[in-house]
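Notes to accompany the following structure.
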Amino acid sequence: MAKTKSERNYYPHAVIGMILGMVVACGWVIKIAVSNPVEMDTFYMEKYQKVDHNINKILDLQAKFDAKFDLAYSTEKFEIGQNNFTLRLTDKSGQAIDNADVTLMLSRPDSNKENQEMKPSHVQNGNYTFGPFEITKPGRWQILSKIEVGEFKGYHKNEAYAAQ
């Protein structure tokens, strides 16, 4: 009688391999998530959980702010090194607003590592001057502002470019 070659069944090996692959993939996802935490929504300058919970109220306040006030930025260009920046706030009739609580953040669009949060160093005739502050890298920068005037609250973003 001739011996027949027994066939091997690789099904259990494939199942175990897939389970181990999923464990490795989950570990990789966790490592990426831990090394890139989502801590702050830079546009609203608040924790993302607070923004998510209050987004309807924030959008309503933004619409009221935009209907009452005008905002102008003094520059769209920075130099590497020391810089100053002026933000002009007026109501719709052109009357300067000097009593606003203004917070400004300079941020890179690709990273939060170089964020610089600032308060105005000088306020006069609706002109809120920030600086001096240091720009260390060339390229695109975001100027994010949070402005509160009484019950009105507005958020704005402007882009500026830094050149050598």
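Basis for what follows: all heavy atoms, side chains included, without hydrogens, waters or symmetry-related copies.
- The heavy-atom pair separating Gly126 from Ala96 by the smallest distance is N-CB, 3.6 Å.
- Considering CZ of Phe130 and NZ of Lys119, their distance stands at 8.5 Å, rounded to 0.5 Å.
- Ile30 CD1 to Ser35 OG: the interatomic distance, rounded to the nearest 0.5 Å, is 12.0 Å.
- For the pair Asn56/Asp60, no side-chain contact is recorded, criterion being any heavy-atom separation below 4.5 Å from C-beta on.
- Ring geometry, Phe152 versus Phe69: the interplanar angle exceeds 60°, so the pair is classed perpendicular (tilted spans 30 to 60°).
- For the atom pair Gln124 CD and Thr86 OG1, the distance stands at 11.0 Å (nearest 0.5 Å).
- Counting only distance, with no hydrogens or angles, the side chain of Asn83 and the backbone of Glu79 share a donor-acceptor pair below 3.5 Å.
- Between Ile143 and Leu104 there is a side-chain heavy-atom pair separated by less than 4.5 Å.
- Considering every non-hydrogen atom in both Asp70 and Asp91, the closest pair reads OD2-O, 4.1 Å.
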Verdict with reasoning, Arg108 to Lys137, per side-chain contact (heavy atoms from CB on, under 4.5 Å): CA-CA 9 Å; Arg108 298 284 295 209; Lys137 288 188 176 180; 3.5 Å; yes
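- With a 4.5 Å cut-off on side-chain heavy atoms, Ser74 and Phe85 count as touching.
- Rounding to the nearest 0.5 angstrom, the gap separating the CG atom in Asp98 from the CG atom in Leu89 is 9.0 Å.
- The side-chain heavy atoms of Lys146 and Lys153, taken from C-beta on, include a pair separated by under 4.5 Å.
- Pairing each heavy atom of Ile80 with each of Ala162, the nearest pair is CD1-CB, 4.2 Å.
- Leu59 is connected to Tyr155 through a chain of hydrophobic side-chain contacts under 4.5 Å among Ile, Leu, Val, Met, Phe, Trp and Tyr, so both are in one cluster.
- Here the side chains of Tyr128 and Ser121 are not in contact, with every heavy-atom distance at 4.5 Å or above.
- Atom CD1 in Ile135 sits 5.0 Å away from atom CG in Leu106 (nearest 0.5 Å).
- Checked against the 6.0 Å centroid threshold, Phe78 and Phe133 count as a close aromatic pair.
- Leu71 has its side chain within reach of Ser145: a pair of non-hydrogen atoms, C-beta onward, lies under 4.5 Å apart.
- Put simply, Leu144 and Trp141 are part of two different groups of oily side chains (I, L, V, M, F, W, Y) that touch within less than 4.5 Å, one to the next.
- Residues Ser107 and Asn115 bring a donor and an acceptor atom of their side chains to less than 3.5 Å of each other.
- With rounding to the nearest 0.5 angstrom, the NE2 atom of His53 is 11.0 Å from the CD1 atom of Ile58.
- Side-chain N/O atoms of Gln62 and Asp66 include a donor and acceptor closer than 3.5 Å.
- Ring orientation note: the planes of His156 and Phe65 are tilted relative to one another, at an angle of 30° to 60°.
- Asn158 has its side chain out of reach of Gln142: every pair of non-hydrogen atoms, C-beta onward, lies at least 4.5 Å apart.
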Full working for side-chain contact (heavy atoms from CB on, under 4.5 Å) between Arg140 and Glu159: CA-CA 7 Å; Arg140 194 169 124 207; Glu159 300 253 335; 2.5 Å; yes
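- Annotation: Lys77, atom NZ; neighbour count of heavy atoms from other residues, nucleotides and ligands within 6.0 Å does not exceed 12.
- Both Val123 and Leu87 belong to a common hydrophobic cluster when Ile, Leu, Val, Met, Phe, Trp and Tyr are linked at side-chain heavy-atom distances under 4.5 angstrom.
- In this structure the side chain of Gln95 never reaches within 4.5 angstrom of the side chain of Thr90, judged on heavy atoms.
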